[in-house]
**Q** 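Got a structure for you, questions after.
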Amino acid sequence: MINTQKCSNKIAIIIVSYNSKHLMRNCIDSIRKNADCDYKIVVVDNASTDGVIEYLEAQEDIILIKNSENYGFAKACNQGAKAISDTQYKDADLFFLNNDTRICQGTIRNLQKALYSSEDFGAAGAVSNYAGNNQQLNIIFDTVDDYIDYGQQLNNVENPIYEERVRLSGFALLVKNNIFKQAGGFDEEFTPGYFEDDALSMQILKLGYRLICVGSAFVYHAGSQSFIQNSDASDILIRHQNLFYKKYGFDILKYSDYNEALLKYISYDSDSSFNFLELGSGLGTDLKMIRSVFKNAKVYGIERNPYLRDIASKTETIYESLEELRLNEKNVSFDILVYDSESADFSLSQSEYNIIDQICNTNCITINAPSSYKNFDFDKIKMVIWDLDDTFWHGTLSEGDIDFVEANIELVRTLTNCGIINSISSKNNEKDVLEKLSEAGIADLFVFNDINWNNKGVQIQSKIKNMGLRAGNVLFIDDNPHNLEEAKSYEKDLMTALPDFIPYLDAHYGNVLQADPDHDRLKKYKLLESKRLAEKVSTSKEAFLRESNIEVTICRNCLDEIERISELVSRTNQLNYTKNRDDKKLLKSLILNDWNESAYIRVKDRFGDYGIVGFYCYNRREKHLEHFLFSCRIIGMGIEQYIYNAIGCPEFTIKEPVVIPLTHNKKVDWIHENDFKGDSTTNQQGQIRILFKGPCDLSGIEVYLSGGSITTEFNYVNDNGVVTTGQNHSIHIRESYELGQQEIDDIITSAPFLSDGDFTTKLFESEYHIICYSLLQDLNAGLYQNKKTGRYISFSDKRTDITNPDVWDDLINGRVQNHGYKFTRKELELFSEKWKFIGAIAPTMLIENLDFIVNHVKGSPTIILLTGSEKTFGDEGPELSEMAQVYRNIKPVIIDFADRHPNVKVINPSEFIKCRDDYADNINHYSKNIQFEIAGRICEVINDKVDELSKRI
């Protein structure tokens, strides 16, 4: 039944809260400032721990629901919808809004106006800078205010665009109240999140209501910028994708995106009337797109899958077969027919071909839309090689004049603006071709052209090699299938396509951000082209390198160039020795870690400036290369070997394939290094600086935090294969400050299982705003005292006395904890002569060490002390039960210490432990849920520090 509910102009704005106090405050402020309707804010908090609850409790104009645990997005939204049932807003439209968003003036007004523009519209979604379900706009601005200003302008357009969709994202979703109830609300089986908005979309469609995306309703979306993050998201995503399939019988991700390339084939005006038929219409995604663009078009579909057809037929004219369509639509003659020649589901019989002949007009436009085109991996393309005759233009130049395809001319410009290189492989006269391209104004947009009568395959192979590209990143378009196969015989990984693929290129790159409007990438390849010509006339390879005057600059201000670094990390292959495809967020965290030496590489020579061509990130503490990679543009220049030498030729496992091997200290004397440019300290400006220090309990918690500058000092395996743990014991931390290098060397000589790493920390060297320190190393490790100097060291566990000959065999054979060190009896005998076993650290000594740390760290950081869990459930065994008692005994001592130091906070994991499943394998290892909860508490302290720092500004 079609909805006849009238617009009440009342809106219930439902926000689910989980931590992120700052984002929540910004969201609510934007509503108060910009909501142009009669509204009520309802916030459902899922057991936040960062202080947001206290903020919300102080807001008198909201309805607050406080959950005792995290119920996830779906259930919380349903709670919010029910909370208005006994208020004057009981019939209000429901606007589900993420807590990390900000609305603009006109956002809600335009959503509601669109929602009530047709009786069969059930829900309306906003557009944003950060969103799924094709609701994200290709915009990038420097500040939030810039996004808001853009949104204000967009929301004021005179002719807003409404696009029908088969699903809408829940980040900013307006739903008619009674339809939400009929649909049953959000499906709570999709807790904690993902696909619950897709399921709601399906339920609304099944009721016969349409979904619209409103192009004039902009919402700024921060997009998971809080300090707390869920690293299990990918697992949940896959699990709920499977759950959706189980419930609805199909993969929504396969049928949700419309094929915009179809619009490139249709020459009708937007107000034209025509009949459109799609074979294999799925959920009706393309039908909705066509009707959104061509308001007077009549669209029909054939879909054999009953699950898809059942939903799609509620809002579209869908039939199971051509015969059924013919019988029911006797007076309809089709002007456009779309089919997929690759679809096994739509192989047609002769009788079906006969029906097509009967129902289609003589001039019917027939469009083959292969699924391989729609699902093409456009991100792989770095260069497009164009054939010209009957491909780029209509006609054969050598036989007479040609007709340009204006769309192809614009496509070359668009590709260049996107950083995609264009080249030519054409059997023609070069002079004639360049004259024609000059007439079109695009001759200078092509590089490394082969315009002659020679074998295309040989030339393409040579072109790819000279440009330093991989064949798998090159697309060759030609109207002659023989030429395509010939080229692939020389480069099997080469991507090839017939001209019917061009509209798909046009559709894709017409909708992506044009990241290279200054044509920097083209300029680099123009430079390389001139360089290759000069190289041909040089006497030798080495002579050419010396004549090139190659200059390298190693730059440390990596955050200033994070976009280019991220591009290199994601796109380089041939000279990417590590191939860690870290996203921008992880790259930032690596760059901001004080133990990581990070730099990007600039190169220039007498031919020109190559710009930023490389990046490395080297952990000096663990001697581990996170990233070591270079652009293919500098292949053959020796840059990668020069930088490898510069960082000391560290050992690491190269992830093959790479085209140039690395050699220890290979001489590279033709390169000159410029003075250092860019200060690494600029990476830290405006960042809250955090140090995480401790063993495995803390390393499992840190992964749930993001934002700020996070430096980690966890236990690690050193280059001798020994687990280094001493640096996280308070006695070693104190000694790292008090002892000179000679004293440390003497200790290591007499205790060879230790290393410099056991006495190395950034704790006193750098200034941090937050120091999070786990006490588990102190409370579990064994302590030893030097019989002569009285100095202390820690090693293994407090129950194992390695000076006792009775345990030496077990220690040597690894039956007791030896941290991977290969002991000998002689070493143990010598150690026992000089050191005596103390056992566990005394509480008084621990407090003295903590006092020393508090008094000697730089600045005025907030120090978080993480204790151990005291909870037992009867099955831990005597050792772990003993540990629980140790943690109980130390608890009042640590709390008293914190009471005497206002900048010290204590987090006790016992507060979060409810049952045996909250432990992973023992009392010191917590489940992911508990790690996540502890991270939330740490986040609360971080946000309090942010508030404190902001007040000082």
Side-chain angles (χ1 to χ4, degrees), residues 3 5-15 27 30-31 34-39 92-98 101-139 147-177 179-180 183 197-198 200-201 204-205 209-221 223 256-258 260 263 270 284-285 287-295 315 511:
N3 172 47
Q5 177 183 346
K6 300 300 181 183
C7 175
S8 67
N9 204 38
K10 281 186 169 64
I11 299 276
I13 303 175
I14 299 170
I15 307 172
C27 178
S30 77
I31 295 170
N34 297 315
D36 38 15
C37 63
D38 182 358
Y39 69 89
D93 294 328
L94 306 175
F95 185 36
F96 299 98
L97 187 66
N98 276 20
T101 61
R102 299 190 203 182
I103 67 167
C104 305
Q105 289 180 6
T107 297
I108 295 179
R109 178 191 68 236
N110 291 349
L111 281 171
Q112 195 169 48
K113 181 180 178 181
L115 185 61
Y116 284 91
S117 63
S118 176
E119 286 191 344
D120 64 348
F121 285 165
V127 293
S128 180
N129 59 294
Y130 182 90
N133 296 359
N134 288 316
Q135 291 170 242
Q136 180 169 318
L137 304 178
N138 289 313
I139 54 172
Y147 282 106
I148 298 298
D149 290 343
Y150 171 85
Q152 312 271 80
Q153 296 176 36
L154 187 67
N155 290 357
N156 286 320
V157 297
E158 292 184 5
N159 300 307
I161 297 174
Y162 301 162
E163 293 183 355
E164 275 198 62
R165 300 293 176 85
V166 296
R167 65 171 183 163
L168 292 172
S169 175
F171 82 98
L173 178 65
L174 181 65
V175 188
K176 290 176 179 175
N177 190 304
I179 293 176
F180 183 77
D197 45 9
D198 295 317
L200 178 62
S201 295
I204 292 173
L205 290 173
Y209 299 105
R210 300 179 184 276
L211 310 171
I212 50 167
C213 178
V214 184
S216 59
F218 182 84
V219 171
Y220 169 73
H221 190 188
S256 59
D257 293 338
Y258 49 79
E260 192 171 351
L263 299 176
S270 60
T285 313
L287 306 184
K288 296 178 184 301
M289 175 193 68
I290 295 298
R291 191 175 50 253
S292 294
V293 176
F294 304 96
K295 303 298 182 183
T315 55
N511 284 305

**Q** Do N155 and T107 have side-chain N/O donor and acceptor atoms under 3.5 Å apart?
**A** yes

**Q** For residues A12 and A92, report the shortest heavy-atom separation together with the two atoms involved.
**A** N-CB, 3.8 Å

**Q** Are Y147 and Y130 close enough that their ring centres sit under 6.0 Å apart?
**A** no

**Q** Could you tell me whether a side-chain N or O of R165 sits under 3.5 Å from a main-chain N or O of N134, the two making a donor and an acceptor?
**A** yes

**Q** Report yes or no: is the cationic atom of K176 (NZ for Lys, CZ for Arg) closer than 6.0 Å to the six-membered ring centre of Y116, at no more than 45° off its axis?
**A** yes

**Q** Using every non-hydrogen atom in the two residues, find where C37 and I108 come nearest and quote the distance to one decimal.
**A** SG-CG2, 3.7 Å

**Q** Consider side-chain contact (heavy atoms from CB on, under 4.5 Å). Of H221, Q136, Q135, which one does S169 pass it with?
**A** Q135

**Q** Is the shortest heavy-atom distance from the side chain of I204 to the side chain of L168 under 4.5 Å?
**A** no

**Q** With side chains defined as the heavy atoms from C-beta onward, is the minimum distance between K113 and V214 less than 4.5 Å?
**A** no

**Q** Looking at C27 and L97, what are the two nearest heavy atoms and their distance?
**A** SG-CD2, 3.8 Å

**Q** V166 versus L211: any side-chain heavy-atom pair under 4.5 Å?
**A** no

**Q** Taking the side chain as everything from C-beta on, heavy atoms only, tell me whether L137 gets closer than 4.5 Å to L154.
**A** yes

**Q** Is it true that a side-chain atom of S128 and a backbone atom of V219 form a donor plus acceptor pair closer than 3.5 Å?
**A** yes

**Q** Which heavy atom in A131 sits nearest to a heavy atom in F171, and how many Å separate them?
**A** CB-CE2, 3.6 Å

**Q** In Å, rounded to the nearest 0.5 Å, how long is the span from OH of Y39 to CD1 of I31?
**A** 7.0 Å

**Q** State the CD-CD1 distance between E163 and I212, to the nearest 0.5 angstrom.
**A** 10.5 Å

**Q** For the OG1 atom of T315 and the CZ atom of R210, what is their distance to the nearest 0.5 Å?
**A** 5.0 Å

**Q** For the atom pair CD1 (I148) and OG (S30), what is the distance rounded to the nearest 0.5 Å?
**A** 7.0 Å

**Q** Hey, could you give me the OH/OG1 distance between Y258 and T285, rounded to the nearest 0.5 Å?
**A** 10.5 Å

**Q** What is the distance from atom CE of M289 to atom CZ of F294, rounded to the nearest 0.5 Å?
**A** 8.5 Å

**Q** Specify whether F96 and F180 have parallel, tilted or perpendicular ring planes, treating 30° as the upper limit for parallel and 60° as the lower limit for perpendicular.
**A** tilted

**Q** Which atom names give the shortest non-hydrogen contact between G170 and N98, and what distance separates them?
**A** O-OD1, 3.8 Å

**Q** Any side-chain heavy-atom pair from L111 and I11 closer than 4.5 angstrom?
**A** no

**Q** When you measure from the side chain of N34 to the backbone of I103, do you find a donor-acceptor pair of N or O atoms at a distance under 3.5 Å?
**A** yes

**Q** Could you check if a side-chain atom of V127 sits within less than 4.5 angstrom of a side-chain atom of C213, using non-hydrogen atoms only?
**A** yes

**Q** Using side-chain heavy atoms (C-beta onward) and a distance below 4.5 Å, is L263 in contact with I290?
**A** yes

**Q** Closer than 3.5 angstrom, by distance alone: can the side chain of E164 be matched with the main-chain N or O of S292 as a donor-acceptor pair?
**A** no

**Q** Hey, does P160 have a side-chain heavy atom less than 4.5 Å from the side chain of N110?
**A** no

**Q** Quick check: closest heavy atoms across F121 and I179, and the distance to 0.1 Å?
**A** O-CD1, 4.2 Å

